Q: 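Pasting a structure below so you can have a look.
Note that the numbering runs from 1 along the sequence shown for the chain. No hydrogens, no waters, no symmetry mates; every other heavy atom, side chains included, goes into these values. Values in this document were obtained by computation on a predicted structure and should not be read as measured data.
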Amino acid sequence: MSDHEFGKYLRARRALVSPDAVGLAPAGHRRVPGLRRDEVARLVGVSTDYYTRLEQGRVGRPSDSVLDALGRALRLGQAERTHLYNLAASPRRRPASRPRRTARAELVRVVDSILTGPAVIMNEHSDVLHWNALAAAVLADFPALSPARRNMARLLFLDPAAAARHLDWETSVRDTVGILRLSAGRDPHAPGLAELVGELSLHSEMFRELWASHHVHEKTHGRKRFHHPAVGDFELDYETLHVPGPEHQMLVVHTPVPGSASAQAISLLASLVAPPPSTPAGHPAPTEPGR
């Protein structure tokens, strides 16, 4: 068990839960926000001493029933519960390997076939492995970036133009940090993750604050607002398809509501970024009459 991270996560989560939210009457002046250790212990059904040692990393892995009770007491969602179990799991030895920076050819063809909205393939460290033309127009100019810089976390926190593109920037950066936290709980020693977290911590105060909050997030679906100088503001719904396999890759597709102003904006943008039609092999390009 990652005792240090497990204890920090428990402390961070209990600070977010008010006594009245779990049916406890507040008792006098409280020195810290959220629940006290003895209150969490009471809700979980363990002694205060045991819970204190659990936060301090002085006990072994708690039972599944205790983990379930912690999830209920701390009002954890599905992603937070998964993270709790990951942190409590025994360390697994695995060959050191960086997250795969390539996508399967079949997935690449899927993304290339999507012409009505931005689509990308990402890994759990937010590296963008492949994208279509609309993604390069809306999310970031991926072709102009080196492979190491094609990372949504780096772009959102370190690119000064990111907030102008991503109108829900604050939500996006919080969710992105949550995705990295979830990945760190799954494999805290993954090569490249510590380097990414260190770089962002060094250059972004916002990242440092969000990372310290221990927020976790699983990318699923939702709606985001964007801006492009050629078409103005628009909003897109996104859906995340998790690709089975140890690489933890995701196919993220953005689409507008049919018939909406955003659909018209994306249609116009698609016409602007579409490559010119290619001339079939063996056929000369047409010429104007009289030439």
Q: Determine whether a donor-acceptor pair (N or O, by modelled atom type, separation under 3.5 Å) exists between the side chain of Glu80 and the backbone of Gly77.
A: yes
Q: Keeping Ser201 on the side-chain end and Val197 on the backbone end, is there a donor-acceptor pair under 3.5 Å?
A: yes
Q: Hey, is Glu55 close enough to Lys8 for a salt bridge, meaning N to O under 4.0 Å?
A: no
Q: What are the two closest heavy atoms between Phe6 and Pro62, and how far apart are they?
A: CZ-CG, 4.1 Å
Q: Can you check side-chain hydrogen bond (donor to acceptor under 3.5 Å, both in side chains) on Ser18 and Asp20, steps first, answer last?
A: CA-CA 6 Å; Ser18 63; Asp20 59 330; 2.6 Å; yes
Q: Verify whether the ring centers belonging to Tyr238 and His221 lie closer than 6.0 Å.
A: no
Q: Is it possible for you to say whether Leu115 and Val253 belong to one hydrophobic cluster, with membership spreading through side-chain heavy-atom contacts below 4.5 Å?
A: no
Q: Which is it for Trp211 and Leu180 under the side chain to side chain contact (heavy atoms under 4.5 Å, CB included) test, yes or no, and what are the steps along the way?
A: CA-CA 9 Å; Trp211 187 254; Leu180 294 179; 3.9 Å; yes
Q: Checking Asn123 side chain against Gln249 main chain: does a donor-acceptor pair fall under 3.5 Å?
A: no
Q: With distance as the sole test, does Glu39 use its side chain to make a donor-acceptor pair with the main-chain N or O of Arg36 at under 3.5 Å?
A: yes
Q: Please report the closest heavy-atom contact between Leu155 and Ala162, naming both atoms and the distance.
A: O-CB, 3.4 Å
Q: Are Glu5 and Arg181 ion-paired here, with the side-chain N under 4.0 Å from a carboxylate O?
A: yes
Q: Membership question, hydrophobic clusters at under 4.5 Å side-chain separation (ILVMFWY): are Val257 and Ile114 in the same one?
A: no
Q: How far apart are the closest heavy atoms of Ala12 and Ser213, and which atoms are they?
A: CB-O, 3.9 Å
Q: Is there a donor-acceptor contact under 3.5 Å from the side chain of Arg186 to the main chain of Asn86?
A: no
Q: Can you give me the closest heavy-atom contact between Val120 and Ala135, atom names plus distance?
A: CG1-CB, 3.7 Å
Q: Please answer whether the main-chain N or O of Ala153 pairs with a side-chain N or O of Asn151 as donor and acceptor at a distance below 3.5 Å.
A: yes
Q: What distance separates Leu196 CG from His125 NE2, expressed to the nearest 0.5 Å?
A: 8.0 Å
Q: Flag the pair Pro256 / Asp237 as yes when at least one side-chain heavy-atom distance between them is below 4.5 Å, and no otherwise.
A: no
Q: Output side-chain donor-acceptor pairs under 3.5 Å for residues 65-76, partner residues at least two apart or in another chain, one line each.
A:
unit_1, atom_1, unit_2, atom_2, d
Ser65, OG, Ser63, OG, 2.9
Asp68, OD1, Tyr85, OH, 2.7
Arg75, NH1, Ala21, O, 3.0

Q: Are more than 12 heavy atoms from other residues, nucleotides or ligands located less than 6.0 Å from atom CZ of Arg37?
A: yes
Q: Mind running side chain to side chain contact (heavy atoms under 4.5 Å, CB included) on Tyr51 and Arg14 for me, showing each step along the way?
A: CA-CA 12 Å; Tyr51 179 77; Arg14 69 177 168 89; 3.6 Å; yes
Q: Less than 4.5 Å apart, side chain to side chain, heavy atoms only: is that true for Val108 and Arg104?
A: no
Q: Looking only at heavy atoms, what is the nearest atom pair of Gly117 and Asn132, with distance?
A: O-ND2, 2.8 Å
Q: Using 30° and 60° as the class boundaries, would you call the ring planes of Phe157 and Phe207 parallel, tilted or perpendicular?
A: perpendicular
Q: Is it true that Val216 and Leu16 fall in one hydrophobic cluster, defined by side-chain heavy atoms closer than 4.5 Å?
A: no
Q: Flag the pair Glu199 / Arg154 as yes when at least one side-chain heavy-atom distance between them is below 4.5 Å, and no otherwise.
A: yes
Q: List the steps and the verdict of side chain to side chain contact (heavy atoms under 4.5 Å, CB included) for Leu236 and Lys224.
A: CA-CA 6 Å; Leu236 301 173; Lys224 291 185 176 182; 5.9 Å; no
Q: How would you list, by chain and number, every residue that makes a side chain to side chain contact (heavy atoms under 4.5 Å, CB included) with Arg165, sequence neighbours excluded?
A: Asp141
Q: For a 4.5 angstrom cut-off between non-hydrogen side-chain atoms, does Leu158 reach Arg149?
A: yes
Q: What's the separation between atom NE2 in His215 and atom CZ in Arg13, rounded to the nearest 0.5 Å?
A: 8.5 Å
Q: Taking atom NE2 as the centre, does His189 end up with more than 12 heavy-atom neighbours from other residues, nucleotides or ligands that are less than 6.0 angstrom away?
A: no
Q: Side chains of His166 and Leu139, heavy atoms from C-beta outward: is any pair under 4.5 Å?
A: yes
Q: Check the hydrophobic clustering (I, L, V, M, F, W, Y; side-chain heavy atoms under 4.5 Å; chains of links allowed) and say if Ile179 and Trp169 are grouped together.
A: no
Q: Going by heavy atoms in the side chains, are Val177 and Val173 under 4.5 Å from each other?
A: no
Q: Okay, side chain of Trp131, backbone of Ile121: is any donor-acceptor separation there less than 3.5 Å?
A: no
Q: Any side-chain heavy atom of Met152 sitting closer than 4.5 Å to one from Val128?
A: yes
Q: So for atom CD, which belongs to Glu205, do other residues, nucleotides or ligands contribute more than 12 heavy atoms lying within a distance under 6.0 Å?
A: no
Q: For side chain to side chain contact (heavy atoms under 4.5 Å, CB included), just list the numbers for Glu218 and Thr82, CA-CA rounded to whole Å, side-chain angles, deciding distance to a tenth of an Å, and then say yes or no.
A: CA-CA 10 Å; Glu218 182 176 19; Thr82 298; 5.8 Å; no
Q: For residues 225-235, which side-chain N or O atoms pair as donor and acceptor with protein atoms under 3.5 Å away, sequence neighbours left out?
A:
unit_1, atom_1, unit_2, atom_2, d
Arg225, NE, Asp168, OD1, 3.0
Arg225, NH2, Leu167, O, 3.4
Arg225, NH2, Asp168, OD1, 3.0
His227, ND1, Asp233, OD1, 2.6
His228, ND1, Ala230, N, 3.0
Glu235, OE2, Arg223, NH1, 3.4

Q: For residues Pro19 and Leu35, determine if any side-chain heavy atom of one lies less than 4.5 Å from a side-chain heavy atom of the other.
A: yes
Q: Under 3.5 Å, is there a donor-acceptor pair between the side chain of Ser267 and the main chain of Gln264?
A: no
